[in-house]
Amino acid sequence: MVMRKFFKILLLSTLLSPLANVAAQAQDSGVALPSVLKRAVAKWGYTVDANGDTIYKVIMNNIIVYPAETFKNKEEEEIYWRTVRDVRKTLPYAKLINRTLQETYEYIETFSTQKEKEDYLKRFEKEVFNQYKPEMKKLTKNQGKTLIKLVNRETNQKSYYIIKAFMGTFRAGFWQTFGRFFGVNMKDGYAPSSNRKDAMLERICVRIEQGVL
């Protein structure tokens with residue numbers, strides 16, 4: 001058991017030493033880390049031990065490894081790769097929407113009256129609609145469904161209730177009806193632990209985020 005742990009530590013040290021050196025050189029020179037390292041490294045920096053020696057420390061992000069996908073037939077494989085395509089297309093939008101909602105929520109909390117909040121949200125809704133309508137119109141029906149799912153994933157909430165909280169019941173109802181027109185139910189949640197399609201979406205998202213797909 002002790003020997004096995006020793007070999008594990010030795011293996012990790014061998015793998016991480018080059019990574020730590022690259023991260024150290026990047027920080028010393030003021031150069032940003034390469035994107036592949038950004039995904040792998042959570043924090044990095046120098047620390048001084050009890051003896052006064054300077055030690056470089058790298059904290060790695062958690063890495064999730066899924067088994068290779070298996071398919072029952074060619075049709076199932078084609079569905080998988082179409083889903084990969086749709087996630088690649090919509091995941092950046094979902095992350096952008098999440099950031100925008102967080103920033104907007106924090107901003108409207110600085111207003112002193114409800115009327116100020118409502119006036120700002122009206123302008124915000126119009127600006128967002130005008131900005132993203134051309135891109136959203138390019139999405140296919142399946143990509144629209146995927147986007148709603150991924151917004152739920154990123155925000156950890158159902159999209160309908162996000163819109164309702166920001167813009168009121170009437171507008172949420174309008175957008176829900178609009179979504180259903182394209183076969184999208186904005187009240188659908190995201191449950192990768194119990195929903196097979198959501199589980200596939202989650203595996204694809206994680207692989208893309210880790211840079212392995």
Side-chain angles (χ1 to χ4, degrees), residues 32-33 35 38-39 41-43 59 61-62 64 83-210:
L33 279 176
S35 58
K38 284 183 179 179
R39 288 189 288 264
V41 177
K43 294 180 181 179
I59 300 175
N61 285 316
N62 292 329
I64 300 174
T83 305
V84 171
R85 176 202 63 193
D86 292 345
V87 172
R88 286 188 183 280
K89 178 77 173 181
T90 57
L91 184 58
Y93 287 119
K95 291 184 179 295
L96 178 60
I97 289 170
N98 182 38
R99 289 196 302 270
T100 302
L101 288 174
Q102 289 178 355
E103 291 169 359
T104 303
Y105 177 77
E106 292 171 359
Y107 182 64
I108 64 173
E109 287 301 299
T110 64
F111 295 138
S112 56
T113 67
Q114 184 63 28
K115 186 178 186 306
E116 288 178 312
K117 293 181 181 181
E118 291 176 356
D119 289 344
Y120 176 79
L121 287 175
K122 287 179 183 178
R123 296 194 303 272
F124 170 77
E125 180 184 18
K126 184 177 180 179
E127 290 170 3
V128 168
F129 190 78
N130 290 337
Q131 181 178 355
Y132 294 109
K133 181 181 177 181
E135 292 300 320
M136 294 300 105
K137 287 175 68 175
K138 296 177 184 178
L139 299 180
T140 66
K141 181 177 178 180
N142 282 334
Q143 287 170 349
K145 290 181 178 180
T146 301
L147 177 60
I148 295 299
K149 283 287 187 178
L150 297 186
V151 169
N152 292 338
R153 175 185 187 260
E154 293 299 314
T155 61
N156 198 28
Q157 302 178 61
K158 295 180 180 179
S159 303
Y160 171 83
Y161 298 106
I162 297 171
I163 294 173
K164 182 177 179 180
F166 272 89
M167 301 181 177
T169 304
F170 175 77
R171 287 181 182 165
F174 169 79
W175 286 106
Q176 171 70 356
T177 303
F178 181 80
R180 283 189 179 279
F181 180 76
F182 292 99
V184 178
N185 184 359
M186 297 181 71
K187 291 184 179 180
D188 283 345
Y190 183 73
S193 60
S194 58
N195 183 292
R196 186 177 178 183
K197 290 183 178 180
D198 289 356
M200 181 173 67
L201 282 176
E202 182 64 20
R203 291 196 300 273
I204 293 171
C205 285
V206 170
R207 284 168 172 156
I208 290 174
E209 289 168 342
Q210 293 182 168

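By convention here, the first residue in the shown sequence is residue 1.
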Undergrad: Nearest 0.5 Å, what's the CG-CZ distance between Asp198 and Arg203?
TA: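 Between Asp198 CG and Arg203 CZ, I get 11.0 Å after rounding to 0.5 Å.
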
Undergrad: With rounding to the nearest 0.5 Å, note down the distance linking OG in Ser112 to NZ in Lys117.
TA: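 The distance works out to 9.0 Å.
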
Undergrad: Using the salt bridge (Lys or Arg N to Asp or Glu O under 4.0 Å) criterion, which residues pair with Lys126? Sequence neighbours excluded.
TA: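 Testing Lys126 for salt bridge (Lys or Arg N to Asp or Glu O under 4.0 Å), a comparison that skips the adjacent residues, returns none.
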
Undergrad: For Thr146, which of Thr83, Leu139, Thr90 qualifies under side chain to side chain contact (heavy atoms under 4.5 Å, CB included)?
TA: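 The option that passes is Thr90.
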
Undergrad: Evaluate the criterion side-chain contact (heavy atoms from CB on, under 4.5 Å) for residue pair Lys145 and Lys197; output intermediate values, then yes/no.
TA: CA-CA 12 Å; Lys145 290 181 178 180; Lys197 290 183 178 180; over 6 Å; no

Undergrad: Under the criterion side-chain contact (heavy atoms from CB on, under 4.5 Å), I'd like the reasoning laid out for Arg99 against Glu154: C-alpha separation, chi angles, the key distance, then a yes or no.
TA: CA-CA 9 Å; Arg99 289 196 302 270; Glu154 293 299 314; over 6 Å; no

Undergrad: Step by step, would you call Lys138 with Glu135 a side-chain contact (heavy atoms from CB on, under 4.5 Å)?
TA: CA-CA 5 Å; Lys138 296 177 184 178; Glu135 292 300 320; 3.5 Å; yes

Undergrad: Counting only heavy atoms not in Tyr105, do more than 12 fall under 6.0 Å of its OH?
TA: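 Atom OH in Tyr105 is not packed in, count stays at 12 or less.
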
Undergrad: Please round to the nearest 0.5 Å and tell me the distance separating atom CD of Glu118 and atom CD of Glu116.
TA: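 The distance works out to 11.0 Å.
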
Undergrad: Measure the CD-CG distance between Glu202 and Asn195 for me, rounded to the nearest 0.5 Å.
TA: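 Nearest 0.5 Å value for the CD-CG distance: 12.0 Å.
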
Undergrad: If you look at every heavy atom in Leu201 and Tyr190, which pair is closest and at what distance?
TA: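 Closest pair (atom of Leu201, atom of Tyr190, distance): C-OH, 3.9 Å.
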
Undergrad: Kindly give the heavy-atom pair with the smallest separation between Tyr120 and Ile108, and that separation in Å.
TA: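 Looking at all heavy atoms of both residues, the closest pair is CD2-CG2, 3.5 Å.
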
Undergrad: Can you tell me which residue among Leu150, Asn156, Val151 is in a side chain to side chain contact (heavy atoms under 4.5 Å, CB included) with Arg153?
TA: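 Exactly one candidate clears the test, Leu150.
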
Undergrad: Show your reasoning for whether side-chain contact (heavy atoms from CB on, under 4.5 Å) applies to Leu121 and Thr104.
TA: CA-CA 9 Å; Leu121 287 175; Thr104 303; 4.2 Å; yes

Undergrad: Atom CG of Asn98 and atom CD of Glu103: how far apart are they, to the nearest 0.5 Å?
TA: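 Nearest 0.5 Å value for the CG-CD distance: 9.5 Å.
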
Undergrad: Working to the nearest 0.5 angstrom, can you tell me the gap between Asp119 CG and Thr113 OG1?
TA: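 If we round to the nearest 0.5 Å, Asp119:CG and Thr113:OG1 are 8.0 Å apart.
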
